[in-house]
Amino acid sequence: MQTQQLSRLMYLSWEIQHKKHCSRSKAMVAAWAIMLNEDITIYYLVRRHSRSYNPNKTEPSELSLFTNQ
């Protein structure tokens with residue numbers, strides 16, 4: 001893995017650990033799952049926050065959880 005991906009993974013796991021008050025290993029597993037399934041996560045978030053009377057103007061394929069630099 002690249003250094004940038006590892007630092008994102010560590011930062012995400014740190015946030016999960018502190019916000020959810022769980023162990024370091026559980027937070028790391030959750031962060032790893034989020035990063036591996038980024039496209040599925042975005043699809044469900046877009047679907048969850050869409051309403052039939054006010055559809056989203058963006059496609060899930062155009063979105064990303066993490067900016068690619």
Side-chain angles (χ1 to χ4, degrees):
M1 288 183 83
Q2 296 175 348
T3 305
Q4 192 175 25
Q5 286 177 322
L6 287 173
S7 62
R8 275 193 234 147
L9 180 66
M10 293 304 293
Y11 184 73
L12 184 59
S13 69
W14 181 85
E15 282 189 12
I16 292 170
Q17 181 181 0
H18 287 278
K19 288 183 181 179
K20 298 294 181 179
H21 303 290
C22 61
S23 68
R24 189 171 184 176
S25 63
K26 282 186 179 182
M28 184 62 81
V29 168
W32 183 252
I34 289 170
M35 287 189 74
L36 287 179
N37 299 309
E38 177 182 1
D39 55 337
I40 297 169
T41 305
I42 289 174
Y43 171 75
Y44 282 106
L45 284 173
V46 168
R47 197 172 112 202
R48 178 179 178 191
H49 293 287
S50 296
R51 301 289 183 249
S52 59
Y53 57 85
N54 187 15
N56 286 339
K57 294 179 176 54
T58 59
E59 292 295 320
S61 59
E62 298 173 358
L63 301 174
S64 168
L65 283 179
F66 307 105
T67 57
N68 297 328
Q69 297 173 347

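Values below: every heavy atom of this structure, side chains too, minus hydrogens, waters and symmetry copies.
- His18 contributes atom NE2, which lies 9.0 Å from atom CZ of Arg24 (distance to the nearest 0.5 angstrom).
- Between Leu12 atom CG and Gln17 atom CD the span is 11.5 Å, to the nearest 0.5 Å.
- Rounded to the nearest 0.5 angstrom, Met35 CE and Leu6 CG are separated by 8.0 Å.
- No chain of hydrophobic side-chain contacts below 4.5 Å, direct or via other Ile, Leu, Val, Met, Phe, Trp or Tyr residues, connects Ile34 to Val29.
- In this structure, Ile16 and Lys26 have side chains that are not in contact, with every pair of non-hydrogen atoms separated by 4.5 Å or more.
- The aromatic rings of Trp14 and Tyr11 lie parallel to each other, their planes meeting at an angle below 30°, with 60° marking the opposite boundary.
- The side-chain heavy atoms of Glu15 and Lys20, taken from C-beta on, include no pair separated by under 4.5 Å.
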